[in-house]
Number of protein chains: 2
Amino acid sequence: MSAKPASPGRKKAGKGEETRAKILEAALALFMERGFEQTTMRAVAEEAGVSLGNAYYYFESKEELVQAFYERSHEEHLAATASRLEAERDFRKRVLATLHAKIDTSEPYHRFSGVLFRSAADPHSPLNPFSDASRAVREEAVQLMERVIDGSSLDPPADLRRELPYLLWLYEMGVILFWIFDTSRGRGRTRHLIDRTVPIVTRLISLGGNPILAPLRKAVLKLIRELRDGDAFAGGDAG
Amino acid sequence: MSAKPASPGRKKAGKGEETRAKILEAALALFMERGFEQTTMRAVAEEAGVSLGNAYYYFESKEELVQAFYERSHEEHLAATASRLEAERDFRKRVLATLHAKIDTSEPYHRFSGVLFRSAADPHSPLNPFSDASRAVREEAVQLMERVIDGSSLDPPADLRRELPYLLWLYEMGVILFWIFDTSRGRGRTRHLIDRTVPIVTRLISLGGNPILAPLRKAVLKLIRELRDGDAFAGGDAG
DNA sequence: GTCTATAACCGGATAGAC
DNA sequence: GTCTATCCGGTTATAGAC
């Protein structure tokens, strides 16, 4: 909100970048140890060996620490996915691998994920996946889906190809929403959801490539564009 | 958390029931006027003409005022739906009327709905639609879908009929999630979403009644039960 | 036993000195 | 870039009135 002296920046290596890292490490450790609500900013500062005010110099709010968590979680997903996609050309298996990798890498954070995502449904929160603040991570996640497609033997029609990465990302968001509420051991229900719905999704995509179904495909894509463009889900500040 | 002297109860008419109502009115008015975050409990108490401590006697937390809002919003939806369903037998039109009534009655709250629903994605929050605290409203909302079905000419197979009210409610939740992020004038995109997806949904339900598709129907219903039963989405305290 | 008020407490966030 | 001192508002403790 208030003016910040030459924002420490998300990625730039600066003088106090080390301090920033220290604070983030302390925060994540405490979040994992005792949860989000139970972790006070004072505790984070103390654990990091800095003052409260200093912690707020690097992170404008407690929520901003969550944003940093998102970025880390996404990077772990990228790393986990890379190796699993290496030798796989089958589109269905690539989607399966990507989603399971997401669940795998997110598992350590499940305990407090609910709190992390509590702002996910708030259009005014920078933490919602459609916000400007989330843009960088969102675009990278969509790009990941692009690689999932392009590295496969799938060759969808151009119009479908254009929307597909975003649609797959939306699908991933849905799976994550389910995952948040999933209390089963090993997130078994979410795994089940993935295993059962991915074949359906990939089947539909394949069907969409059939020339006979072109009119239907175009109608569906038109609807999707209408629902996304303009305001809702537009990715503006309010989502 | 702490012991409370014979909880004032949600609906019982008691001596101070009037005070409770005054506080709730004040809170809702202020929420609408300046939003959730900007409304302090002190302001609510002042507006209601009671002390801060008194406000907390009737509502254990600021969030509990939101729960009360949910109930009111639901009652308005019930009222608005009743008249619109009166003379309509067509299933598709009944679903359309029900969902549009939901959007109509929720519109006044849209401005601050994001904040109201910010805990909706937190499995540990009593505000999430799957929580114990939300049970009463949730069950009434599912029952509304039951009436939408039973008052129509639709006659689905027993196994589908059993799951259908809950599934329609889930569908409604999805529409509301979209609505939260919808900043278009008059919530036009959400209306569009409803108008375009309700026919698809009702078509699928009709198809599901076709004896030829019984095996497919049973497989789908089995998957749905598997995903719902057990832990995830079970409606326990953690969702 | 039901209700109401006052005075803290605690933690997120900010101001401003160094 | 880092600190100390405050502010502010949700929440709690508790005393006491009806």
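Chain letters run A, B, ... following the sequence lines, proteins first and then strands; every chain starts at 1. Below, all heavy atoms of this structure are taken into account, side chains as well, without hydrogens, waters or symmetry copies.
In this structure, the ring of A/Phe31 has its center no less than 6.0 angstrom from the ring center of A/Phe69.
Residue contacts shown for B/Thr40 are limited to sugar-phosphate atoms, with no base heavy atom under 4.0 Å away. Looking at heavy-atom distances under 4.0 Å, B/Gly53 makes contact with a base.
Cation-pi geometry between A/Arg138 and A/Phe130 is not met: the NZ or CZ atom fails to fall both under 6.0 Å from the ring centre and inside 45° of the normal. Annotation: cation-pi pair B/Arg189/B/Phe178 absent, no NZ/CZ under 6.0 Å from the ring centroid and within 45° of its normal.
The interatomic distance linking A/Glu46 (CD) with D/dT4 (P) rounds to 12 Å, in whole Å. The nearest whole Å value for the distance from the CD atom in A/Glu37 to the C1' atom in C/dG11 is 12 Å. Taking atom CD of residue B/Glu63 and atom P of nucleotide D/dT12, one finds them 12 Å apart after rounding to whole Å. The separation between A/Asn54 atom CG and D/dA5 atom P is 16 Å, rounded to whole Å. Here the C1' atom of nucleotide C/dT2 and the CZ atom of B/Arg20 are 15 Å apart, to the nearest Å. Rounded to whole Å, atom P of C/dG11 lies 10 Å from atom CZ of A/Arg34. Atom CG of A/Leu52 and atom P of C/dT14 are 11 Å apart (whole Å). With rounding to whole Å, B/Phe59 atom CZ is found 15 Å from D/dG10 atom P.
We find that A/Arg147 and A/Asp150 are not joined by a salt bridge, their nearest charged nitrogen and carboxylate oxygen being 4.0 Å or further apart. Contact check on B/Glu47 versus B/Lys22 returns no salt bridge, with no Lys/Arg side-chain nitrogen under 4.0 Å from an Asp/Glu carboxylate oxygen.
The side chain of B/Thr19 contributes an N or O atom lying less than 4.0 Å from OP1 or OP2 of C/dT4.
When distances run from any side-chain atom of B/Arg42 to the nucleotides D/dT12, D/dG9, C/dG12, the shortest one goes to D/dG9. Each of D/dT6, C/dT14, C/dT4 was ranked by its minimum atom distance to the side chain of B/Ser51; first place goes to C/dT4. Here C/dC3 is the nucleotide among C/dA5, C/dC3, D/dG10 with the atom lying nearest to any side-chain atom of B/Tyr57. When distances are taken from the side chain of A/Lys62 to each of C/dA5, C/dA13, D/dC3, the shortest belongs to C/dA13. Residue B/Tyr58 places its side chain closer to C/dT4 than to any other of C/dT4, D/dG10, C/dA13.
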